[in-house]
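Lettering follows sequence order; numbering is per chain, from 1. All heavy atoms count here, side chains included; hydrogens, waters and symmetry mates do not. In this text, all values refer to a predicted model and were calculated from it rather than measured experimentally.
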Number of protein chains: 2
Amino acid sequence: MPCNKRRWHGKFREYGYRITVGRKEILDVLTNSKGHLSAEEIYLKVHEKHPSVGLTTIYRTLDVLVGIGLLQKFDFGDDRARYEIIDSVNEKGHHHHLICTECKKIIDYKDFIDEESEMLKKTEKFLSEKYKFEIKKHVMEFYGLCSDCKKRL
Amino acid sequence: MPCNKRRWHGKFREYGYRITVGRKEILDVLTNSKGHLSAEEIYLKVHEKHPSVGLTTIYRTLDVLVGIGLLQKFDFGDDRARYEIIDSVNEKGHHHHLICTECKKIIDYKDFIDEESEMLKKTEKFLSEKYKFEIKKHVMEFYGLCSDCKKRL
DNA sequence: CTAACTGCAAATTCTTTGCATTAGT
DNA sequence: ACTAATGCAAAGAATTTGCAGTTAG
């Protein structure tokens with residue numbers, strides 16, 4: 001994915017951020033993961049290749065990435081933030097989430113994504129006018145019990 | 001709101017929970033508030049009338065209320081949980097949120113709520129069949145900059 | 001060279017828990 | 001009476017911060 005690499009290199013320059021080994025590896029992990037990773041999970045993966053990178057750097061880099069719009073931060077109610085590379089950067093494309101409140105499993109879905117996105121866009125337009133709000137992101141999620149937990153309980 | 005009182009009294013009995021001074025006051029605060037209060041905010045309000053009620057009780061009661069389905073727990077990304085009495089209990093009715101990521105202001109909106117809810121219901125039905133998921137709640141929110149913060153920055 | 005970046009350890013903040021006491025039913 | 005509920009202080013857990021040493025450009 002050379003175009004991704006170019007994309008974030010550009011963003012980094014633009015904002016005056018430096019490109020370091022740690023940051024490269026973090027971006028790599030995020031790009032090649034299935035998404036919704038926690039800081040700790042990212043730390044562990046990065047640690048495999050670069051044991052010198054500490055958890056603090058992970059947090060700080062994630063902040064930077066969210067700040068320059070390469071990453072989206074989520075909260076699925078399990079007391080830790082989760083991160084996903086934004087849209088065009090990975091091949092997965094836009095999706096929404098289905099979250100099991102028991103085992104914390106997260107399912108990505110794209111069904112109805114176009115219809116949903118259209119609805120969201122329309123609402124977004126209306127709300128931004130009505131409330132003079134500059135909308136930066138939307139969240140649409142479903143919480144419940146996955147099939148396994150439903151059986152188990 | 002006598003019917004609300006009857007409603008939760010019933011729920012409490014049903015689950016074998018006792019009705020205490022603290023719990024009554026917490027329910028009262030939640031019912032008469034504009035929603036999306038944090039545990040601390042609830043604590044402060046309850047504290048005005050019943051200084052003997054501690055923060056721990058607030059947390060424990062909120063858990064109970066969420067458990068029996070009288071309360072919904074939210075996370076708007078400001079590192080503290082926020083709570084809202086569910087639908088039929090208060091007169092506000094179902095609504096969604098518009099959240100300012102700068103000043104943390106939360107705006108309730110009901111525009112398109114029917115259309116949105118219909119869409120959500122449809123998606124919900126589809127997803128629950130496809131993934132054998134038992135969907136308990138949905139979240140639809142917009143994050144961005146409110147008019148004040150947009151100006152200020 | 002110099003300002004950004006880093007790791008480490010300590011600090012913060014929200015929430016939970018253990019335990020002895022109090023109070024619904 | 002019996003057991004749930006409570007307050008308090010201590011514990012936990014995720015994230016942030018201060019600082020002195022390191023490194024990218």
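Considering only residues two or more places apart in sequence or on other chains, Tyr17(A) meets the ring pair (Phe, Tyr, Trp, His ring centres under 6.0 Å) condition with none of them. Residues that satisfy the ring pair (Phe, Tyr, Trp, His ring centres under 6.0 Å) test with His9(A), not counting sequence neighbours, are absent from this structure. With sequence neighbours excluded, the residues forming a ring pair (Phe, Tyr, Trp, His ring centres under 6.0 Å) with Phe12(A) are Trp8(A), listed by chain and number. Contacts of Arg60(A) classified as side chain to side chain donor-acceptor pair (under 3.5 Å), with partners at least two apart in sequence or in another chain: none. Tyr131(B) pairs by the ring pair (Phe, Tyr, Trp, His ring centres under 6.0 Å) definition with nothing, not counting sequence neighbours. Looking at residues two or more places apart in sequence or on another chain, you find no side chain to side chain donor-acceptor pair (under 3.5 Å) involving Lys24(A). With sequence neighbours excluded, the residues forming a side chain to side chain donor-acceptor pair (under 3.5 Å) with Glu129(A) are Lys125(A), listed by chain and number. In this view, Lys130(A) and Asp111(B) satisfy the side chain to side chain donor-acceptor pair (under 3.5 Å) rule, not counting sequence neighbours.
For Arg23(A), a side-chain nitrogen or oxygen approaches OP1 or OP2 of dT6(C) to under 4.0 Å. When the side-chain nitrogen and oxygen atoms of Arg60(A) are compared with OP1 and OP2 of dT6(C), none of them lie within a distance under 4.0 Å. When the side-chain nitrogen and oxygen atoms of Tyr59(A) are compared with OP1 and OP2 of dT16(D), none of them lie within a distance under 4.0 Å.
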Heteroatom pairs (N/O) under 3.5 angstrom, protein to nucleotides 20-24 of chain C:
from, atom 1, to, atom 2, distance (Å)
dG24(C), N2, Arg18(B), NH2, 2.8
dG24(C), N3, Arg18(B), NH1, 3.2

Please enumerate all protein N or O atoms sitting under 3.5 Å from an N or O of nucleotides 20-22 of chain D, with distances to 0.1 Å.
none

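Here dA5(D) presents its C1' atom at 11 Å from CZ of Phe12(B), a figure rounded to the nearest Å. Atom pair Glu25(B):CD and dT6(D):P shows a separation of 13 Å (rounding to whole Å applied). Residue Asp79(B) contributes atom CG, which lies 18 Å from atom P of dA13(D) at whole-angstrom precision. Regarding Arg80(B), its CZ atom lies at a distance of 7 Å from the P atom of dT15(C), rounded to whole Å. With rounding to whole Å, Arg13(A) atom CZ is found 13 Å from dA24(D) atom P. The nearest whole Å value for the distance from the NZ atom in Lys73(B) to the P atom in dC14(C) is 14 Å.
Considering His138(A), His96(A), His97(A) in turn, His97(A) is the only one that fulfils the ring-ring contact (aromatic ring centres under 6.0 Å, His included) rule with Phe74(A).
Checking Gly16(A) against Tyr83(B), the closest nucleotide of DNA chain C that is more toward the 5' end is the one next to Gly16(A).
Legend: salt bridge (Lys or Arg N to Asp or Glu O under 4.0 Å) pairs involving residues 136-153 of chain B, not counting sequence neighbours, sorted by first then second residue: Lys105(B)-Asp148(B).
For Arg82(A) against Ser38(A), the heavy-atom pair with the smallest separation is NH1-N, 3.6 Å.
The stretch residues 39-55 of chain A comes close to DNA chain C through Ser52(A), Val53(A), Gly54(A), each having a heavy atom under 4.0 Å from the strand.
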